[in-house]
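Worksheet for the structure shown next.
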Amino acid sequence: MAKYLLQRIASALLVLFLVVSLTFVLMHSIPGGPFSREKQVPPAVLINLEERYHMNDPLSKQYIDYMKNVAQFNLGPTFRYEGRTVNDLIKDGLPKTATIGFIATIFALGGGLLLGTIAALWHNKTPDTLATFIATIGVSVPSFVMATFLQYYLGYKLGLFPPVGWNNGAFKNLVLPSIALGAFPIAQITRLMRTSMLDVLSQDYIRTAKSKGLPGYVIIGRHAMRNALLPVITYLGPFFAYILTGNFIVEFVFGIPGIGQFFVTSITNRDYSTIMGMTVLFCSLLVVFNLLVDIAYTFIDPRIKLTGQKGA
Amino acid sequence: MFKIKKKRILTVAVAMLLVVSVMLTGCSSNQPAAPAKVMKTSFNAGAEPKTLDPAISTGVPESHIQTALFEGLTRIGEGEKVLPGIAESWTQSADGTVITFKLRDAKWSNGDPITAEDFKYSWLRALSPEMASEYSYQLYYIKGAEDYNAKKGSADAVGIKVVDPKTLEVTLAAPTPYFIALTAFHTLYPVSKKASEANKDWSLKADTFVSDGPFKMQEWKHNDQVVVVKNENYWDAKSVKLSEVTFKLLEDNKAALTAFESGQLDATENIPIEDIGRLQASKVLKVAPYIGTSYYRFNVTKKPFDNVKVRKALAMAIDRQMLIDKVVKGGQKPAYAFTPPGMVDLEPGKDFRTVGGDYIKEDVAAAKALLAEAGYPDGKNWPADVAILYNTSSINKLLAEAIQNMWKTNLGIDIQLHNEEWAVYLENQKKLNYNISRAAWIGDYADAMTFMDMFVTGGGNNQTGWSNAEYDKQIKEIANKSGDQKVRIPAMHAAEKALMDDMPIMPIYYYTLPWVIKDNIKGVFRSSLGPIDYKFATVE
């Protein structure tokens with residue numbers, strides 16, 4: 001297990017390094033820069049700006065400087081917001097994004113597992129049709145439609161929740177963005193859970209359990225659920241990374257001051273340090289969660305062992 | 001038995017749903033109403049400010065908030081009048097190059113007195129190469145300023161002199177009649193020398209923020225809101241009736257409008273194009289003046305737009321009023337010249353645009369004749385790859401499609417549409433990597449020069465490849481060297497004529513600023529330069 005972990009961490013660092021390097025190259029090869037303006041900046045002013053942000057250094061030096069800073073968890077100053085660093089943006093925004101992500105996770109995981117299980121138990125009956133219907137809506141309705149729909153009907157028309165705003169994280173302000181953010185994963189989890197539950201329920205050992213006269217909740221809760229969960233756990237790695245870094249659309253529509261927005265605005269602004277910072281953040285989270293998922297497997301399914309050897 | 005258990009699961013699920021929905025409804029109960037008589041309002045500024053340090057800010061959201069927080073030597077008031085601000089009076093030398101400002105007894109929000117030294121410090125600060133202010137060129141009118149900013153001269157050589165704590169003497173490089181109005185622009189706002197020297201990050205946090213305007217900083221929650229409260233130390237505090245203004249920082253215009261309609265916001269601008277018609281019909285929409293022009297650039301260095309006849313033909317063959325009524329809406333005015341209304345002319349009360357008149361006449365028959373003369377009768381021989389370049393946005397797309405269609409119908413020519421992401425579009429426009437390109441210009445001050453100096457040969461904002469000796473002479477040799485309006489204004493009219501005779505650009509419409517505000521909020525001043533001013537506002 002320890003050997004396996006070390007190997008995984010080493011490969012994760014390599015992946016991070018490659019992703020960051022590639023982003024650096026791609027970023028500098030798109031036309032335009034952080035000082036592209038409709039009102040042209042006079043040449044003398046442009047020189048001052050480039051000096052201030054060390055953009056007159058050769059690219060190779062900028063790259064090495066950046067890598068050195070990243071190694072010390074210093075993501076550098078933003079080009080967009082005076083006096084704020086990318087670390088500040090993350091520190092300010094990530095807790096807000098994560099709060100909504102956390103509520104959305106509970107909503108998606110609880111709802112998805114429940115709906116998926118119901119659908120499998122009442123296979124091809126009304127509850128199944130209903131659950132599948134909900135799942136199809138969740139998957140096929142894009143988040144900007146879902147967000148705007150919730151905002152307009154539940155927020156504006158019915159006045160149940162404030163249509164926009166963070167409001168210091170008041171719960172009523174978090175409901176709509178959390179539902180909008182959770183709609184897609186709830187549908188995904190429902191479908192995964194339904195399929196794998198159906199598969200598990202047709203297995204021999206379930207029939208054996210039934211014939212032994214075990215009560216239904218023991219069969220489902222103890223024998224079926226555990227095995228059916230595996231595909232869902234696999235999905236959870238990327239899911240957490242997705243939900244913790246937020247969703248641009250949801251934050252944009254509901255005016256949530258999280259970090260999801262920076263994934264998009266940093267590129268439009270050619271805010272180089274923020275683009276890099278967001279890449280590092282997302283990539284790290286993805287790698288970490290995938291590792292956690294692998295570890296979680298061993299607890300759910302004792303047959304899986306994490307070793308450094310191939311084919312183990 | 002199995003069946004019963006399944007039913008139990010279903011019952012639990014339904015119960016859980018009920019509990020959650022009760023929790024949610026319980027949470028939506030309203031807060032108790034605020035006590036009456038306290039006047040507060042809110043406005044969507046549109047985005048997180050890049051900075052609120054006036055020396056380095058450039059954007060629209062910043063200008064809204066800074067108009068509440070700061071005051072320059074002058075302040076723009078109703079009717080675009082230049083009113084005394086921190087300066088109570090000023091005198092000019094006979095040749096117009098030396099201006100002496102007399103400062104009133106005004107205080108910073110922290111109670112310190114505002115002195116001429118603060119202004120000198122602030123302006124040199126904005127000009128210093130280390131600050132790298134993007135708008136430092138707004139101070140280039142001052143003698144020695146450009147050299148200092150470009151590291152070719154010293155700060156001592158800049159023509160700003162503190163005669164005594166309440167007298168500031170400014171020496172200009174050339175007479176500039178609009179310099180006094182420009183002191184109301186944010187780059188020329190003062191910052192407190194004492195506060196800024198004590199803490200270079202004073203402008204980043206609400207508790208260290210020092211300003212001199214009708215309001216002072218209360219709270220700055222990044223990407224969420226900026227709250228300003230009445231500044232009791234403001235020299236004209238008795239005129240300020242509002243106790244608090246909240247500037248929301250919502251970037252989604254649609255969401256901001258929903259927030260306005262549900263009562264969460266008192267006012268917002270940047271109305272989504274699809275809502276303008278509805279708001280106009282219900283008489284909710286307000287339309288403020290805005291000095292700006294929407295136009296298309298022609299690349300005069302490439303065929304077919306190297307031919308002035310082609311450029312003129314295209315400019316004559318669109319129906320501007322139709323584009324306004326059917327596409328952009330919002331009460332814009334068709335542009336038959338470049339400089340929009342709202343600029344001063346020679347005689348008091350006259351407008352530069354009215355005096356200058358129209359330079360373009362929409363006439364399809366004449367346009368067809370011109371195009372035939374240029375070698376493209378009924379669109380024959382027209383090159384296949386001519387495209388309109390625009391930055392990706394729904395309004396730009398709708399406008400380009402409508403114009404494409406008008407040219408097809410009226411002239412028989414096929415034009416492609418090509419959209420690019422903002423920074424890529426800017427880059428290609430700058431490199432003359434286009435045939436026709438969507439453009440817009442918003443004035444910085446209410447003098448035609450803010451439009452007319454754009455198209456000088458090699459100018460950074462020209463971007464058409466156009467060069468004209470007559471235009472250059474009128475702007476550089478005559479208008480920019482004289483402080484006499486009797487010389488400047490006719491020269492700018494002559495330059496505009498040269499521009500329109502050659503038509504490297506096709507003006508489309510003059511901007512307006514559609515916005516919404518609750519009816520009970522009165523006295524909000526919207527300058528045609530854009531910023532919203534809450535100084536005299538009240539809530540009924």
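Chain letters run A, B, ... following the sequence lines, proteins first, then strands; residues in each count from 1. Hydrogens, waters and symmetry mates play no part in the numbers below; they use all other heavy atoms, side chains included.
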So which residue, [options], ends up with the most heavy-atom pairs under 4.5 Å with chain A?
| options | value |
| --- | --- |
| B:Glu146, B:Gln225, B:Met131, B:Lys254 | B:Met131 |
| B:Glu48, B:Lys248, B:Glu130 | B:Glu48 |
| B:Ala150, B:Ala440, B:Ala439, B:Ser57 | B:Ala440 |

Please classify the contact of [X] with chain A as side chain, backbone, both or neither, using a heavy-atom distance under 4.5 Å.
| X | value |
| --- | --- |
| B:Ser133 | backbone |
| B:Glu251 | both |
| B:Asn461 | both |
| B:Lys152 | neither |
| B:Ile56 | side chain |
| B:Glu261 | both |

Pairs of donor and acceptor atoms involving the side chains of residues 426-434 of chain B, under 3.5 Å and at least two apart or interchain, shall be tabulated with distances.
residue: B:Asn428; atom: OD1; partner: B:Asn433; partner atom: ND2; Å: 3.3
residue: B:Asn428; atom: ND2; partner: B:Glu420; partner atom: OE1; Å: 2.9
residue: B:Asn428; atom: ND2; partner: B:Glu420; partner atom: OE2; Å: 3.0
residue: B:Gln429; atom: OE1; partner: B:Arg297; partner atom: NH1; Å: 3.2
residue: B:Gln429; atom: OE1; partner: B:Ser437; partner atom: OG; Å: 2.4
residue: B:Gln429; atom: NE2; partner: B:Gln463; partner atom: OE1; Å: 3.1
residue: B:Tyr434; atom: OH; partner: B:Gln463; partner atom: O; Å: 2.5

**Asked** Aromatic ring centroids of B:Phe209 and B:Trp202 under 6.0 Å?
**Response**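 Yes: the rings meet the under 6.0 Å criterion.
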Polar contact flag, side-chain donor to acceptor under 3.5 angstrom, [X]-[Y]:
| X | Y | value |
| --- | --- | --- |
| B:His186 | B:Glu62 | no |
| B:Thr51 | B:Asp53 | no |
| B:Asn396 | B:Thr392 | no |
| B:Asn391 | B:Glu421 | no |
| B:Asn149 | B:Ser136 | yes |

Region of [X] that comes under 4.5 Å of a non-hydrogen atom in chain B:
| X | result |
| --- | --- |
| A:Phe262 | side chain |
| A:Glu50 | neither |
| A:Phe79 | backbone |

**Request:** List the atom of A:Leu109, the atom of A:Ile189, and the distance in Å for their closest heavy-atom pair.
**Result:**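 So the two residues come closest at CD1-CD1, 3.7 Å.
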For the interface with chain B, which of [options] has the highest count of heavy-atom pairs at distances below 4.5 Å?
| options | result |
| --- | --- |
| A:Asn48, A:Asp92, A:Leu49, A:Asn167 | A:Asn48 |
| A:Arg84, A:Gln151, A:Glu82 | A:Arg84 |
| A:Arg52, A:Glu51, A:Lys39 | A:Lys39 |

**Request:** Taking the side chain as every heavy atom from C-beta outward, state whether A:Phe248 and A:Phe263 have any atom pair closer than 4.5 Å.
**Result:**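 When only atoms from C-beta onward are counted, A:Phe263 and A:Phe248 do not touch, as no gap falls below 4.5 Å.
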**Request:** Using the ring-ring contact (aromatic ring centres under 6.0 Å, His included) rule, take A:His28 and A:Tyr272 through it: C-alpha gap first, then chi angles, then the decisive distance, then the call.
**Result:** CA-CA 8 Å; A:His28 280 279; A:Tyr272 289 152; 4.5 Å; yes
